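Step one of this worksheet: look at the structure below.
These numbers come from a predicted model, not from an experiment. Both counts, for ligands and for their atoms, begin at 1 and track the order of listing.
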Amino acid sequence: MLYPINTESRAVIDLSGIWTLQLEKEGNDCNPRNPLKKGYSVAVPGSFNDQLVEQDVRTHIGNIWYETTFSIPHYLKDNRLVLRFGSVTHSAQVYLNGELITEHKGGFTPFEVEVSSTIKPGENRLTVCVSNIIDYTTLPVGVYSEEVVDGKTVKKVSENFDFFNYAGIHRPVKLYTTPKTFIEDVAVAYEVSGEQAQVSVQTFIQGEYDNVRVTLFNEDNERVATGEGKEAELTIEAVRQWEPLDSYLYTVKVEVTAPNDTDIYHLPVGIRTVEVKGSQFLINNKPFYFKGFGKHEDTYLHGRGLNEPSNVLDLNLMKQMGANSFRTSHYPYSEEMMRLADREGFVVIDETPAVSLYAGFNVQFDGEEPNTWDEMQTKEAHELVLKEMVERDKNHACVVMWSVANEPATHHEGAREYFEPLIELTRSLDPQNRPVTIVYNMEALPGQELTHDLVDVICLNRYYSWYLQTADLKAGEKALRDELKEWEQKDLNKPFLFTEYGADTVSGLHSVQDIPFTEEFQVHYYEMYHKVFDEFPFIVGEQVWNFADFETKVGTGRVQGNKKGIFNRAREPKMIAYFLKQRWLNIPEFDYHLKK
Ligand code: GCB
């Protein structure tokens, strides 16, 4: 799916701004046939939760109705008009002037609907029914229940994850135009040999057309290659590759000429190769070392809503620390962030919202743990989000690997049967054939883990000396080293990547002893891990948990959110930031183990 941009043939109208919001509760039903009764004012895009002040509003579970009105200029009426949502969390029903025009499930991928014939001259009323309910059929998963309180049914969700269940219209809502014959999608793949790149540009077109012209421009806007047809082949004679932290973006201009019109689209494209070879992760044929973070889309006021100044600041802070990568834990991030990462040269692991597919995560059970793969009914949602994520992000140079899930119960019988087809599906969808991974939890130990032969890279989340051997750095060090030795003995000949390790730390707490939650403990914790990592050449990187403190549901293990940030939620550094910076600025992007 193409990102909506203004081009010579297309116009974009942004419907962001202040919308009306109403919460649906028993006795307060909303009927889209009538305008919403005067409700709350709420900013779109953004999570509704932190914009309104009452406690029961912030934690409301169920339907949340949004409404706005708009008109379109009469000179656009002969174009094809499309209404597009960057994301609505977790599901949406969209009504135009009271009529249902589309529905979408899944809170982190875009969807669109043509409205050329439904839109009216003059004022139009756009109503969106958002639901933040999650259960064992959705991604992410949660335990859904209903309770009768004071004679009324109250909906409840207990999340299978450690981040606040922010909801709403999280990303921009846009109306865009195209000519009647239009470019539906573009897929770019390439091969590089020596100086030369062979670029294949596949154009998907709706409607009758005469001819397709593809032109490639360099960053100086000079034409470097041209091609013709729906499957155009272009040659760049002296290619400048996109490199981690040294990005270079060509622009692919696609022009589709139809009898009465021409549609034009401009796609930024970085040329870089990715390959897993033995225990190395190669970018542009060189062994890459990941330095960086697991993150969240999480900021004050915006919640999980798009916050571009924060995206810019986060990448600048990362750069300053010598980081070169992040994972979109635990859902696909905004298209705006992916475009920014392309431009800034960040290496991204793109993850689905399949977080903690683990039936034991959230429920009390007597005796034997329930088997996750008997309980979860997420196959359909999982296939859908993989299709939508890969389709949306396939052209991004920043994306070097797909993460199919974070911390599923891959030690439960049935995990292989569940994941094998999903991994195959991911591979079949990607024209650039990127590596595929699953991020493993602490139960996924050598000897117990059932899927690691299916993935290209073994990604580990480990919390020795934190959740296990709490505060005991010696015991944690031993446990970590012992586990890595066990993996080493398996001789898997695959790269290992640490995708999470971390310790909650409250900014400003200090101690001369190794006391959890203090800034000193966080530093010693990371020093211990890094000492062990450096002993194992099959480790191709370290992404700490987390870039910044983030909001979670309340609980005795959380002090106004998860405090494992290297920065606090306001993006102020903790002491560890300076230690990490010192380490990472001394680790090159490539050949770390050779140069060590
Ligand atoms: C994990 C999860 C992450 C949590 C983290 C923690 O393993 O992947 O979502 O936030 O642990 O801090 O407990």
Are the aromatic rings of Tyr358 and His412 close, with centres under 6.0 Å apart?
yes
What residues come within 4.0 Å of ligand 1, counting heavy atoms only?
Asp162, His330, Asn406, Glu407, Asn461, Tyr463, Tyr467, Glu500, Trp545, Phe550, Arg558, Asn562, Lys564
Among Glu542, Glu589, Gln280, which residue satisfies the side-chain hydrogen bond (donor to acceptor under 3.5 Å, both in side chains) criterion with Tyr289?
Glu542
Salt-bridge test for Arg434 and Asp350: reply yes if a basic N is under 4.0 Å from a carboxylate O, no otherwise.
no
Within the side chain of His530, is there an N or O that forms a donor-acceptor pair under 3.5 Å with the backbone of Tyr526?
yes
Do the charged groups of Glu535 and Arg481 touch, with an N to O distance under 4.0 Å?
yes
Can a salt bridge be assigned to the pair Asp50 and Arg58 using a cut-off of 4.0 Å between side-chain N and carboxylate O?
yes
